[in-house]
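A short write-up of the structure that comes next.
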Amino acid sequence: MNVLLVEDEVSLANEISVFLRKEQFLVDLAYTGAIASEKIAINLYDFILLDLGLPDYEGLDLLREAREAGSEAAIIILTARGDVIDKVKGLDLGADDYLAKPFSLHELHARINAVARRKFGLKSNILSFGEFTMDLLQKKVLYQTVTVELTKRQFDLLYYLIINKNRALSRMQLYEHIWGNSLDEEYDSNFIDVHIKNLRKKLSAYAPIDWLETVRGIGYRICID
Amino acid sequence: MRLRSKLAIYLLLTIGVFVVIFLLIAPWLLERVNVYQADLQLIAQREHTIEIILRHGSDALIQEYQSGRPLPVGLFKQEFFQLERIQTDSLWNFIEIESHYIDGEWIDYRMLNYAFQIDEQAYSLKIGTSLEQIFQTESNLRAITLILLVLFIVGLYLINTALSRIITMPLEKITNKLKDCNSPQLYDHTPVKTTTTDFVYLDQSLSDLMRKVDELLAKEREVTANISHELLTPVSVVQSKLENIINDNEISHPIAIKVTESLKTLNRLKVIINSLMLIARVENNQFLKTDSFWIGELLEELIDEVSPIADENAIKIVFQCSDNYFYENANRALIYTLLFNIINNAVKHSGNGVGNKIEIKCAKISDNYSITISDNGPGMTPEQASEIFKRFKRKGTQHGHGLGLAIANSIAEFHNMQIQLDTQLGNGSSFTIVFPKIG
């Protein structure tokens, strides 16, 4: 999929595009609103990641422009301004999602996937790991044919670990994915551990789950092919 | 009390005072007027009698009316007429009350006594009206006066109330505009129709004031957003750079650990910035209060959220909601944060022993709804209790940035709520959130 990244902070823009390219996205960069405006007019994008804090353009104006030009791109607003009104206005004007900076790159990835699934329909809505399957539409986890009873939080945690499979995620990153921009950072150590413990208990009632590993000093990882 | 009610009450009181004065004076006045009228009538009759005597002589009158015999008119012996020829040296003319025994009963008369001389003959004339008759007239007058008075009062009150309602209507419209407005942004600027210059001025001034406040708040919002942007953008850059380093599978585990620790520290900075920004925005009225929701439901959500970690620390959560409350015109997300921070605080302070519990109670006491969250942890000293809502206050080696309760405090103020803290060292702590008066 191709993504237009509109971000005036150059080093940040570079880091995000490095990450996205690793995830097999085609990334176009625009450091100013003027350039972004041009690119939107000329090219067709699947995704537009739009920073609202542009120096030369009102980000929301770009959003309006894109929609008025008939762009069907999925637009995710990124901003460090934290203004609640921006969020409301943005979603009203047709943005698909809103992500407050600073965000984890994994979180960005998860959001892009979620929007893609909603808007374009991802190829498969079933993920499998071991003998378990995860139905993303019904938000259920099944062992063979039996439904595993998971709480919403446990489901979200498991999902995040799976889509970032073979990658160690820190407790902080997991916490941020589930609870959004946290205001309490001391939960990152114990809170997640408790949820993972319960998750393990529930899953291991059906089959051994040594593919859900604790990575010392960092966090957790799911290791599967 | 409302202006209209006050006007009505003052009107009633004024009427009342006048009515009382009237009722005190009227009877006396009526009596005097009545008697005066009766006397005037007697005098008129006297003149009439004199006229008849002058014209036709007195014989007819004397013949017709023997002394003491009252006029046949007046079935109830209400009138008295007596004309006599007398011998006298002096003349008199006065009116007084006399009693006469007539047909078996004593009757009191207001009697005009007149001695006069015509053609060298002296006469004594008595003309009287029975007191009963006078009183009868008086009580008729009194009844009519009373009825008129009542009608007058009722009429006056109704008309006045209607008029004062019409006149104060614009004021009520203006007050309603203020009541309906949840934030200066949402103020209704359409002018209220009225010809009263005072109200026009009031309406206009309020409108201008709201606009000015809105502008100032917009400027504040801009400033806060800029500060937020400037502080968080570098944090964002560093976070992304560090995450990309970890994602590179080539790096060694020890380095990955170090980078993760750096990310944690960075995250702490982010959380502090976001928390301070939240407090600034709440205090700048940047949030709308347009949500309405059930408190019971919200608390259940929160307890759900906190249960896993409470269970992990063997802390029992007891939830008692004797009165549910539909909270209107609030900000649900902020209230959630407020309650979460206090419950979170209770969980942190409940320790890790057997029998530790947190009680969450909600109840309505007279006009106020309140939620009480209590733990049976170590409690606080009075000094600690007085400092706890200040920013960055922490107890000892406790985790966290110490802004949780400061945030709760500013959210409570924003919603006109009160947070009361009841705590004793060794006896746990109890936070009570008191909602603003209902209605």
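In this text the structure is predicted, and so the values were computed from the model without any measurement. All values below were derived from every heavy atom in this structure, side-chain atoms included, with hydrogens, water molecules and symmetry-related copies excluded. Protein chains get the first letters and strands the later ones, always in sequence-line order, with residue 1 at the start of each.
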By side chain to side chain contact (heavy atoms under 4.5 Å, CB included), which residues pair with A/Asp97, not counting sequence neighbours?
A/Ile76, A/Arg111, A/Val115
Interatomic spacing from CD in A/Glu9 to OG in B/Ser240 - rounded to 0.5 Å
10.5 Å
Rounded to the nearest 0.5 Å, how far does NE2 of B/His229 lie from CG of A/Asp51?
5.0 Å
For side-chain contact (heavy atoms from CB on, under 4.5 Å), just list the numbers for B/Lys270 and A/Glu176, CA-CA rounded to whole Å, side-chain angles, deciding distance to a tenth of an Å, and then say yes or no.
CA-CA 12 Å; B/Lys270 177 182 92 177; A/Glu176 209 175 286; 2.6 Å; yes
Please tell me if the side chains of B/Lys241 and A/Ser11 come closer than 4.5 Å, counting only heavy atoms from C-beta onward.
yes
Between B/Glu230, B/Gln286, B/His253, which shows the greatest number of heavy-atom pairs under 4.5 Å with chain A?
B/His253
B/Asn244, B/Thr260, B/Leu288: which one forms the most heavy-atom pairs within less than 4.5 Å of chain A?
B/Asn244
Mark yes when over 12 heavy atoms from residues, nucleotides or ligands other than B/Glu283 sit less than 6.0 Å from its CD; otherwise mark no.
yes
Whether B/Glu312 side chain and A/Val194 backbone form a donor-acceptor pair below 3.5 Å:
no
Where does B/Glu261 contact chain A at under 4.5 Å (heavy atoms): side chain, backbone, both or neither?
neither
Is it true that atom NZ of A/Lys202 has more than 12 heavy atoms of other residues, nucleotides or ligands lying nearer than 6.0 Å?
yes
Which residues in residues 296-303 of chain B have a heavy atom less than 4.5 Å from any heavy atom of chain A?
none
Heavy-atom pair of closest approach, residues B/Val237 and A/Glu15:
O-CG, 4.5 Å
Output every pair passing side chain to side chain donor-acceptor pair (under 3.5 Å) with a member in residues 20-32 of chain A, not counting sequence neighbours, ordered by first then second residue.
A/Asn14-A/Tyr31, A/Glu23-A/Arg167, A/Asp28-A/Tyr45
Taking all heavy atoms of A/Ala80 and all of B/Ser228, pick out the closest pair and write down the distance.
O-OG, 2.8 Å
Can you tell me how far CG of B/Asp304 sits from CZ of A/Arg153, rounded to the nearest 0.5 angstrom?
9.0 Å
Quick one: what part of B/Leu263 sits under 4.5 Å from any heavy atom of chain A, side chain, backbone, both or neither?
both
If you check every heavy atom in residues 214-225 of chain B against those of chain A, which residues fall under 4.5 Å?
B/Arg221, B/Glu222, B/Ala225
Minimum-distance pair of heavy atoms, taken over all atoms of B/Val235 and A/Pro102
CG1-CG, 3.5 Å
Does any backbone or side-chain atom of A/Ser104 lie under 4.5 Å from a heavy atom of chain B? Answer side chain, backbone, both or neither.
both
Examine whether an atom of A/Arg216 lies under 4.5 Å from a heavy atom of chain B, and if so say whether it belongs to the side chain, the backbone or both; otherwise answer neither.
both
Any idea which heavy atoms bring B/Ile257 and A/Gly217 closest together, and the distance?
CG2-O, 4.0 Å
Comparing B/Leu232, B/Asn247, B/Thr233, B/Asp311 against chain A, the one with the most heavy-atom pairs below 4.5 Å turns out to be B/Asn247
Mind listing the closest non-hydrogen atom pair of A/Phe191 and B/Glu305 along with its distance?
CZ-O, 3.6 Å
If you tally heavy-atom pairs under 4.5 Å between each of B/Pro234, B/Pro254, B/Ala256 and chain A, the highest tally belongs to B/Ala256
Quick check for you: to the nearest 0.5 Å, what is the distance between B/Glu243 atom CD and A/Leu169 atom CG?
9.0 Å
